[in-house]
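In each ligand, atom 1 is the first atom listed, and ligand 1 is the first ligand listed. Keep in mind that the numbers below use all heavy atoms, side chains included, and drop hydrogens, waters and symmetry copies.
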Amino acid sequence: MIAAGSTIGIIGGGQLGRMLAMAAARLGYRTVILEPQADCPAAQVATEQIVAAYDNPEALERLAEISDVITYEFENVPVDAAETLNETKPVFPPPEALKVSQDRVTEKRFLNNAGIQTAQWRIVENEGDLEAALLAFEGKGILKTRRFGYDGKGQVKFSGAKGENAKAGFAAVGSVPSILEGLVDFTREISVIAARDEAGDIRIYDIAENVHKDGILATSTVPVSVSSTIAGLAADSARKLLEALNYVGVLGMEFFVLANGTLLANEFAPRVHNSGHWTEAACAVSQFEQHIRAVAGLPLGDARRHSDCVMENLIGDDVEKLPAILAESGAVVHLYGKAEARPGRKMGHVTRITKRL
Ligand SMILES: Nc1ncnc2c1ncn2[C@@H]1O[C@H](COP(=O)(O)OP(=O)(O)O)[C@@H](O)[C@H]1O
Ligand SMILES: [Mg+2]
């Protein structure tokens, strides 16, 4: 366990880093943010920022020097950088988790090998692969770039309609290594936020139902009316994944629920997750504090929910609704310190407590 007053290094300076830094401060820790963009959301509330690229050797050396433990807030941290840092100071979650989750093929393979069911999938290296895969999937599927996709970017949907073709589809994702996933006819999308510490203790938050708009998470609602079988399956999958990765920290895992009661894992993020922001308002220990506890070697906290709630992302000019939101009772507002409200940009979120338990 690192002592109060120690420094936690955080790679990445966005809103997730900001909320981690705030949780770290509440537990008596200092934070240093590695992020090329000066005055980023995380640095505004951290002790220090190293303004440099994530793979800058001098910056990494400095980060290792001043940090007692290092973590990250986004999944595209260069794996080499994380592995290099890990030689000097502990990096949690393990760099292996980055490696697996950065590529949708290694991610799906890892999930399947851990006994977690996903949609069917095929590797797509070229138009020919895509044609063959579409044929196998009766023309239906979602083509996704293997790397760097987020908020629905780098994806093309094939619904089996006339006029869709492999050539245009592959070009539309930039003709880069991709994956074709079977098109899942889901009734709901849910996610689980789960934590594991070095000793193997695991805490799992209640599942949330997520609604996306234009590929971006719009709302997360807790509780979700799914069967206890589905809820249990989701928690079991998270537990299997945490153990298979020898994970330390918080991760977010997304699932599809099918009408026939099947649960398919979609993807996971080796970090705190947007669909877990509600925990800050409806649990004694938020996902952010839980992550800091895990990486700092503190005992994990209670993940039970004390309220029902709905988290709504404030995207782009949604922030203009702020005066009205601030006037609501039971609304917990969180803004990220971003100056400009561009379309599609996550500016903040609000969690509305709908019922106290
Ligand atoms: N195989 C699929 N079948 C049906 N819908 C999908 C499938 N994969 C993704 N989607 C939809 O697209 C959204 C974004 O895809 P996802 O794989 O989560 O990528 P991102 O990394 O952009 O979050 C999902 O939340 C879901 O609504
Ligand atoms: Mg997703």
Notebook entry, point to check: By side chain to side chain contact (heavy atoms under 4.5 Å, CB included), which residues pair with Pro95, not counting sequence neighbours?
Noted result: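 Here the qualifying residues are Ala82, Glu83, Asn86, Val91.
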
Item checked: Residues in the immediate environment of ligand 1 (any heavy atom closer than 4.0 angstrom) -> Arg104, Ile142, Lys144, Gly149, Tyr150, Asp151, Gly152, Gln155, Glu181, Gly182, Leu183, Val184, Phe186, Glu189, His212, Glu254, Phe256, Asn266, Glu267

Note to self: So, 2.8 Å as the limit: is an N/O/S atom of Asp151 located closer than that to the Mg ion (ligand 2)?
What the structure shows: no

Check: Does Ser101 use its side chain to pair, donor to acceptor, with the backbone of Ala97 at less than 3.5 Å?
Finding: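 Looks like yes, one N/O pair under 3.5 Å.
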
Notebook entry, point to check: Just by distance, do the side chain of Thr47 and the backbone of Thr31 share a donor-acceptor pair under 3.5 Å?
Noted result: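 It does hold such a pair.
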
Margin query: Regarding Glu340 and Arg342, does a basic nitrogen lie under 4.0 Å from an acidic carboxylate oxygen?
Written below: yes

Check: Can a donor-acceptor pair be found between the side chains of His334 and Gln15 at a distance below 3.5 Å?
Finding: no

Note to self: Before moving on, can you tell me the angle at the Mg ion (ligand 2) between the OE2 atom of Glu254 and the OE2 atom of Glu267, to the nearest 10 degrees?
What the structure shows: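 An angle of 90° at the metal.
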
Without placing hydrogens or testing angles, list every side-chain donor-acceptor pair under 3.5 Å for residues 69-79, not counting sequence neighbours.
unit_1	atom_1	unit_2	atom_2	d
Thr71	OG1	Phe92	O	2.8
Thr71	OG1	His291	NE2	2.7
Tyr72	OH	Pro93	O	3.0
Glu73	OE1	Gly14	N	3.2
Glu73	OE1	Leu16	N	3.4
Glu73	OE1	Gly17	N	2.7
Glu73	OE2	Gly14	N	3.3
Glu75	OE1	Arg271	NE	2.7
Glu75	OE1	Arg271	NH2	3.3
Glu75	OE2	Arg271	NH2	3.2

Notebook entry, point to check: For His212, what residues pass the side-chain hydrogen bond (donor to acceptor under 3.5 Å, both in side chains) criterion, not counting sequence neighbours?
Noted result: Glu189

